[in-house]
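Presented below is the structure to which this report refers.
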Amino acid sequence: MKLVLLGPPGAGKGTQAANLAKEYKIPAISTGHIIRTAISEKTPVGKIAEEFIKRGELVPDDTVVELVKVRLAEDDCKNGYILDGFPRTLAQAEIMDETSIGVDLVLDIDVPDEKLVERLSGRRECKKCGAAYHVLYNPTKNGETCDKCGGELVMRSDDVPEVILKRLEVYHKQTEPLKEYYTKQGKLTSIQGQKDLAETTRMVLDAVKEAGAKL
Ligand code: AP5
């Protein structure tokens with residue numbers, strides 16, 4: 001299955017991508033995580049991306065598309081993948097349709113803006129593997145390190161109020177139009193993602209199972 005997760009910052013795309021990856025045994029690929037790794041490794045792409053991320057803006061389409069193509073060429077993607085945070089503009093979606101980056105199904109996780117600020121402010125992310133936790137809603141076992149890999153937990157530099165508001169504005173303007181794009185292609189399934197984690201996870205797994213069965 002080739003699945004795209006769509007939704008605003010903090011909707012739970014990363015959290016649910018991890019659950020779906022476990023369920024379907026396919027890799028979850030977060031463009032945000034790939035870009036943050038490039039920034040911390042100070043690669044040429046990381047240097048281009050850093051200023052955009054700091055401002056809460058999207059990284060240029062051609063840069064992101066190249067990163068995705070390289071990642072999808074890896075062996076673990078041959079039976080499918082979950083794209084978390086890509087595509088995020090109409091141009092990226094059109095490039096996907098024109099090239100070999102296929103998509104079977106798009107799951108949109110819808111959450112009102114008011115909830116997202118609280119979620120993002122309390123998020124802690126593993127510096128090593130990118131796993132997302134929340135100080136109240138999804139704490140790690142010892143509150144200090146990642147349950148999966150023991151990595152250090154950090155607050156993301158773009159999880160501060162002024163950048164969060166910019167990211168939400170960018171989402172509504174540049175990414176939300178993708179819902180109509182994929183509705184027209186008959187690929188979009190939406191769920192409400194404001195329930196607690198266990199309930200949202202159940203809804204996500206049910207929605208993907210049901211939509212996937214029709215493929
Ligand atoms: P990216 O890392 O993709 O960030 P984002 O889309 O803003 O999404 P987030 O990672 O913030 O949220 P999420 O939906 O994954 O939520 P999570 O599961 O963590 O991108 C960062 C930047 O990179 C972009 O701003 C852009 O600059 C650049 N970029 C990336 N892709 C790009 C692209 N394709 N094109 C151009 N630029 C690109 O959950 C959030 C928190 O809520 C966590 O603490 C979690 O534990 C908690 N939580 C989750 N679900 C629930 C629930 N149901 N109840 C309570 N708490 C919950």
Side-chain angles (χ1 to χ4, degrees), residues 4-21 28-39 45-46 48-69 71 82-93 95-96 101 107-113 115-126 129-140 146-147 153-160 163-176 178 191-204:
V4 163
L5 294 187
L6 204 61
K13 301 182 297 295
T15 304
Q16 297 304 335
N19 292 330
L20 287 160
I29 297 165
S30 154
T31 41
H33 183 62
I34 294 175
I35 293 167
R36 281 187 291 281
T37 304
I39 292 174
V45 165
I48 297 172
E50 192 163 17
E51 289 308 310
F52 292 94
I53 292 225
K54 263 192 205 158
R55 293 196 296 264
E57 293 170 8
L58 297 182
V59 172
D61 291 331
D62 49 352
T63 304
V64 182
V65 168
E66 267 323 297
L67 290 173
V68 172
K69 278 189 186 162
R71 178 63 186 91
I82 299 156
L83 287 171
D84 157 13
F86 182 89
R88 214 180 274 231
T89 63
L90 283 171
Q92 290 175 16
I95 292 170
M96 268 180 100
I101 313 174
L107 178 73
D108 164 48
I109 306 177
D110 197 22
V111 179
D113 286 8
K115 273 228 167 228
L116 299 170
V117 178
E118 189 205 1
R119 281 195 189 174
L120 292 172
S121 309
R123 171 167 58 188
R124 296 295 177 271
E125 192 174 272
C126 174
C129 75
Y133 299 92
H134 192 280
V135 289
L136 295 177
Y137 306 130
N138 185 24
T140 64
C146 177
D147 289 346
L153 298 183
V154 291
M155 190 168 170
R156 272 170 46 178
S157 61
D158 59 349
D159 279 349
V160 292
V163 185
I164 292 173
L165 294 179
K166 179 66 187 176
R167 287 160 64 202
L168 288 173
E169 184 193 320
V170 166
Y171 168 76
H172 290 301
K173 203 167 160 186
Q174 294 184 257
T175 307
E176 216 168 11
L178 289 175
I191 66 136
Q192 296 298 315
Q194 67 263 50
K195 300 258 173 62
D196 68 22
L197 256 176
E199 175 68 0
T200 306
T201 301
R202 189 191 59 73
M203 287 166 70
V204 164

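Predicted, not measured: the structure shown is a model, and the values here were computed from it. In each ligand, atom 1 is the first atom listed, and ligand 1 is the first ligand listed.
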When you measure from [atom] to each heavy atom in [options], which option holds the nearest one?
{"atom": "atom 15 (O) of ligand 1", "options": "G14, P87, G85", "value": "G14"}
{"atom": "atom 6 (O) of ligand 1", "options": "Q174, E199, R119, R88", "value": "R88"}
{"atom": "atom 10 (O) of ligand 1", "options": "K54, R124, R123", "value": "R123"}
{"atom": "atom 21 (C) of ligand 1", "options": "R167, H33, R156", "value": "R156"}

Subset of ligand 1 atoms that lie under 4.0 Å from at least one heavy atom of [X]:
{"X": "E57", "answer": "26 (C), 27 (O)"}
{"X": "T200", "answer": "53 (N)"}
{"X": "Q92", "answer": "33 (C), 34 (N), 35 (N), 36 (C)"}

Does K195 reach the main-chain N or O of T201 with its side chain, forming a donor-acceptor pair under 3.5 Å?
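Not a single qualifying donor-acceptor pair exists.
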So, does T89 use its side chain to make a donor-acceptor pair with the main chain of Q174 at under 3.5 Å?
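No.
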Taking 4.0 Å as the limit for heavy-atom contacts, which would you say applies to [X] with ligand 1: side chain only, backbone only, both, or neither?
{"X": "T15", "result": "both"}
{"X": "I35", "result": "side chain"}
{"X": "A17", "result": "neither"}
{"X": "T89", "result": "neither"}

Does R124 reach the side chain of N138, with side-chain heavy atoms less than 4.5 Å apart?
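In short, these two side chains do not touch, never coming nearer than 4.5 Å.
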Close side-chain approach of I29 to D84, heavy-atom, < 4.5 Å:
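They are not in contact (no side-chain heavy atoms under 4.5 Å apart), so the answer is no.
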Could R167 and D159 be called an ion pair, given the rule that one side-chain N must be under 4.0 Å from one carboxylate O?
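Here R167 pairs with D159 in a salt bridge, since their nearest N and O are under 4.0 Å apart.
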